[in-house]
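All heavy atoms count here, side chains included; hydrogens, waters and symmetry mates do not. This is a predicted model, so every value here is computed, not measured.
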Amino acid sequence: QVQLVESGGGLVQAGGSLRLSCAASGRTFGWYAMGWFRQAPGKGREFVAAISWSDLSTSYADSVKGRFTISRDNAKNTVYLQMNSLKPEDTAVYYCAADESLTMREERYDYWGQGTQVTVSS
């Protein structure tokens, strides 16, 4: 089992930045690929970014490329999502998730956090 707890969400103006954190506990964090997803009001959950556990390769949704950066610190059992140049359409609940391999597919992820709200005002 892996337990995930997100933090760092909040209210920010358009053009601003936030850094989300996801702290993991339980099974060896370093063996899992980590992903970030988000769900806006009235919409389904969508992939944002992911990072592998081995070579630290990354994957991003087109909508966030060049603005968001995913990273991880295995010594701290934490994955981060640095979000810059935020837009109102980035408003959503952001979730981190863990899987054995790097994937954009939501259904592949075995473990999920409870989510953190990000609100971007125009």
Side-chain angles (χ1 to χ4, degrees):
Q1 292 288 332
V2 175
Q3 292 78 43
L4 304 172
V5 179
E6 302 96 334
S7 61
L11 174 64
V12 63
Q13 288 188 332
S17 298
L18 281 175
R19 189 177 80 155
L20 304 183
S21 300
C22 174
S25 60
R27 296 185 66 180
T28 306
F29 171 75
W31 294 351
Y32 287 87
M34 299 298 297
W36 285 97
F37 290 77
R38 66 187 182 186
Q39 186 167 20
K43 296 186 178 181
R45 193 152 54 184
E46 66 174 358
F47 171 78
V48 175
I51 186 167
S52 70
W53 67 270
S54 54
D55 60 1
L56 302 185
S57 58
T58 58
S59 179
Y60 294 93
D62 288 343
S63 59
V64 306
K65 280 181 181 176
R67 300 188 299 123
F68 291 10
T69 302
I70 188 171
S71 61
R72 66 190 296 163
D73 185 337
N74 287 344
K76 295 182 178 180
N77 288 353
T78 302
V79 63
Y80 304 97
L81 185 68
Q82 178 66 43
M83 305 185 295
N84 299 329
S85 302
L86 282 162
K87 305 175 181 180
E89 51 263 43
D90 294 318
T91 295
V93 177
Y94 283 71
Y95 300 89
C96 69
D99 186 58
E100 293 181 353
S101 59
L102 183 65
T103 179
M104 296 185 290
R105 295 172 57 182
E106 176 185 353
E107 65 273 18
R108 288 284 307 275
Y109 284 83
D110 296 321
Y111 304 102
W112 292 84
Q114 82 290 347
T116 185
Q117 176 70 47
V118 171
T119 302
V120 184
S121 62
S122 57

Membership question, hydrophobic clusters at under 4.5 Å side-chain separation (ILVMFWY): are [Y] and [X] in the same one?
{"X": "Val79", "Y": "Phe37", "result": "no"}
{"X": "Trp112", "Y": "Met104", "result": "yes"}
{"X": "Val12", "Y": "Leu81", "result": "yes"}
{"X": "Tyr109", "Y": "Tyr95", "result": "yes"}
{"X": "Leu20", "Y": "Val2", "result": "yes"}

Checklist entry - Using 30° and 60° as the class limits, which term best fits the ring planes of Tyr111 and Tyr32: parallel, tilted or perpendicular? => result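 If you compare the ring of Tyr111 with that of Tyr32, the planes turn out perpendicular.
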
Heavy-atom pair with the smallest gap, counting every atom of [X] and [Y]:
{"X": "Thr103", "Y": "Ala50", "value": "O-CB, 4.0 Å"}
{"X": "Ser17", "Y": "Ser85", "value": "OG-N, 4.4 Å"}
{"X": "Arg108", "Y": "Ser101", "value": "NH2-OG, 2.9 Å"}
{"X": "Gly115", "Y": "Val93", "value": "CA-CG1, 3.8 Å"}
{"X": "Met34", "Y": "Cys22", "value": "CE-SG, 4.3 Å"}
{"X": "Ala33", "Y": "Arg72", "value": "CA-NH1, 4.0 Å"}

Give, for atom [atom1] of [X] and atom [atom2] of [Y], the distance between the pair rounded to the nearest 0.5 Å.
{"X": "Ser59", "Y": "Ile70", "atom1": "OG", "atom2": "CD1", "answer": "9.0 Å"}
{"X": "Asp55", "Y": "Leu102", "atom1": "CG", "atom2": "CG", "answer": "8.5 Å"}
{"X": "Asp90", "Y": "Thr119", "atom1": "CG", "atom2": "OG1", "answer": "11.0 Å"}
{"X": "Lys87", "Y": "Ser122", "atom1": "NZ", "atom2": "OG", "answer": "14.0 Å"}

Next on the checklist: Any carboxylate oxygen within less than 4.0 angstrom of a Lys/Arg side-chain nitrogen, looking at Arg105 and Asp99?
Outcome noted: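 No, Arg105 and Asp99 are not salt-bridged.
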
Item to check | Note: Lys65-Asp62 ion pair, threshold 4.0 Å (strictly below) | outcome: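 Salt bridge present between Lys65 and Asp62.
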
Checklist entry - Can you pull the salt bridge (Lys or Arg N to Asp or Glu O under 4.0 Å) pairs that have at least one residue in residues 4-25, sequence neighbours excluded? => result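 Non-adjacent pairs meeting salt bridge (Lys or Arg N to Asp or Glu O under 4.0 Å): zero.
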
Item to check | Gln117 atom CD: more than 12 heavy-atom contacts under 6.0 Å | outcome: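 More than 12 heavy atoms, drawn from other residues, nucleotides or ligands, come within 6.0 Å of this atom.
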
Checklist entry - Yes or no on side-chain contact (heavy atoms from CB on, under 4.5 Å) for Val118 and Arg38, after CA distance, side-chain angles and deciding distance? => result CA-CA 9 Å; Val118 171; Arg38 66 187 182 186; over 6 Å; no

Checklist entry - Less than 4.5 Å apart, any side-chain heavy atom of Thr69 and any of Tyr60? => result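 Thr69 reaches Tyr60 side chain to side chain.
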
Item to check | Met83 side chain near Trp36 side chain, heavy-atom distance below 4.5 Å | outcome: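 No, too far: nothing below the 4.5 Å cut-off.
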
Checklist entry - Judged by atom type as modelled, is there a donor-acceptor pair below 3.5 Å linking the side chain of Ser57 to the main-chain atoms of Ser52? => result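 The answer is no, because no donor-acceptor pair under 3.5 Å joins these two groups.
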
Item to check | Donor-acceptor contact present, side-chain Thr91 to main-chain Val120, <3.5 Å | outcome: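 Pair found, side chain donor or acceptor close to backbone of Val120.
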
Next on the checklist: Other members of the hydrophobic cluster containing Tyr80, with the 4.5 Å side-chain heavy-atom rule, please.
Outcome noted: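 Members alongside Tyr80: none; it stands by itself.
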
